[in-house]
Amino acid sequence: MLIRFWGVRGSLPAPQLPSRIRSKISAVLERLTPADLESPESRERFLAALPPWLFGTVGGNTPCVTVNPEDSQEVLVFDAGSGIRELGETYAQERPKPSQYRLFFSHFHWDHIQGLPFFGPAYDPVVTLDFYSPMKNLENTLKGQMASPYFPVPMESMGCKKNFHFMDDSVILDGVTVSSKKMNHPGDSWSFMVNDGKHRFIYATDAELSGEDFLKNEKNTQFFKNADLIVMDCQYTLGEAIEKYNWGHNAFGPAVDFAANWGIKHMVLFHHDPTYNDRKLYNMLQSAKWYTERMGINGIKLTLATEGLEIRL
Ligand SMILES: [Zn+2]
Ligand SMILES: [Zn+2]
C-alpha cells in the first residue's frame, strides 16, 4: 500500500511568504564556511546536513492524501483540499492514466473540498469519479461550492462520469475495504480505515480526541487496534490546544497517547496550523518524540506530514 501526501495544512492554504524564504536563505548563508564550497561533494554534504525546516518546506496546501492499495488498481483520495490540484497534474502524466478515482470526504469544511474545482481529471470525459461520504447531501454540497457567485464554472461542466455514494459503514472495493467512523468535530467529521488484507491505514483528521476514543469497545477496537499507520490531526501546540478546546483539533500529546493506547505503529502529524512556520512544525515533531521518551512510550514511529511525502506499507 502506497500513501502519498498532496496537502497537509489545515484550515486555510498557507503559501510561503517572501520574508520566510529570505530568512531561510539568510540562515543557510550564516552556516556556510569556505570549506563547504571546495568541491561538488562538499557542497552536497553541506546541503544534506541542513535541517529540514531550512532546506525545504512542509508545504502550504490543504488536506489531500492518496492511497494506492497493494495488488489493486484503485486510487483512493482522502479529501479534496487544495493539494488535489497537484495530484491531478501528476497523475495526468502517468501512462496509462488512471480512469477512475474514488474520493472520500471526512466532512465538508472548506479546507477539505476547496481543491475539487481545480482537479484536472474531473474535466476528462474518460474518467469516472466516485464520491463517498457518510454525510448527507454530498452531491448538493459539492455542487454548491461551484454555484454562482462562488465559482464561474458549475459542477455540471465537469465532463467526467460522476457517481455519488452515501457511505453507511464501509465499502468493499477491488480487494480493499474502506470503513468509516464518526469523530468529534464541530458539525461532525469521519475517519476512514483502509484494509487491503495486508496492512491497515487510518486517515483521522479534524478529529478532537475525547475519552470515548480511548474506550476498548468493539467498534474502536476493530477500527484502531494495531493499525500500521495513522494520519492524525495534530494542529496545535499543547498551549494552544488548551485555549482552543472544542475547536475540533488536537495537540500532539493526546494524539501520541491515543496511538499508544491502540498499539498503532506509525503516526503522521497532520493538518498543520496555517500560522505555524516550518521551524515551529519541526520543533513540534521533536517535542512529540521527547514526549514519547519521557512517558516511556516505545515502538511508535512519528513523522511530520509534508507535501510530497510517500510512505509504503
Ligand atoms: Zn480541516
Ligand atoms: Zn473541519
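Whatever order the structure lists them in is the order used to number ligands and atoms, beginning at 1.
Protein N/O/S atoms nearer than 2.8 Å to the Zn ion (ligand 1) total 4.
Residue pairs that meet the ring-ring contact (aromatic ring centres under 6.0 Å, His included) test with at least one member in residues 50-86, sequence neighbours left out, are Phe78-Phe104, Phe78-Phe192, Phe78-Tyr203.
Under the rule for a ring pair (Phe, Tyr, Trp, His ring centres under 6.0 Å), the partners of His109 that lie at least two apart in sequence or sit in another chain are His107, His185.
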Less than 3.5 Å apart, which donor and acceptor atoms pair up between the side chains of residues 249-271 and the rest of the protein, not counting sequence neighbours?
from   : atom 1 : to     : atom 2 : distance (Å)
His249 : ND1    : Asp233 : OD2    : 2.6
His249 : ND1    : Gln235 : OE1    : 3.4
Asn250 : OD1    : Leu209 : N      : 2.9
Asn250 : ND2    : Ala207 : O      : 2.7
Asn250 : ND2    : Asp233 : O      : 3.0
Asp257 : OD1    : Tyr291 : OH     : 2.9
Asp257 : OD2    : Tyr291 : OH     : 3.0
Asn261 : ND2    : Phe214 : O      : 3.3
Trp262 : NE1    : Asp213 : O      : 3.0
Lys265 : NZ     : Asn226 : O      : 3.0
Lys265 : NZ     : Asp228 : OD1    : 3.4
His266 : NE2    : Thr303 : OG1    : 2.7
His271 : ND1    : Gln235 : OE1    : 2.6
His271 : NE2    : Asp111 : OD2    : 3.1
His271 : NE2    : Asp206 : OD1    : 3.1
His271 : NE2    : Asp206 : OD2    : 3.3

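Lys182 and Asp188 are joined by a salt bridge, as a carboxylate oxygen and a charged side-chain nitrogen come within less than 4.0 angstrom of each other.
Screening Asp79, Thr66, Asn61 for a side-chain hydrogen bond (donor to acceptor under 3.5 Å, both in side chains) with Trp6, the sole residue that qualifies is Thr66.
When the side chains of ILVMFWY residues are joined at heavy-atom separations under 4.5 Å, either directly or via intervening members, Tyr236 and Leu238 end up in a single hydrophobic cluster.
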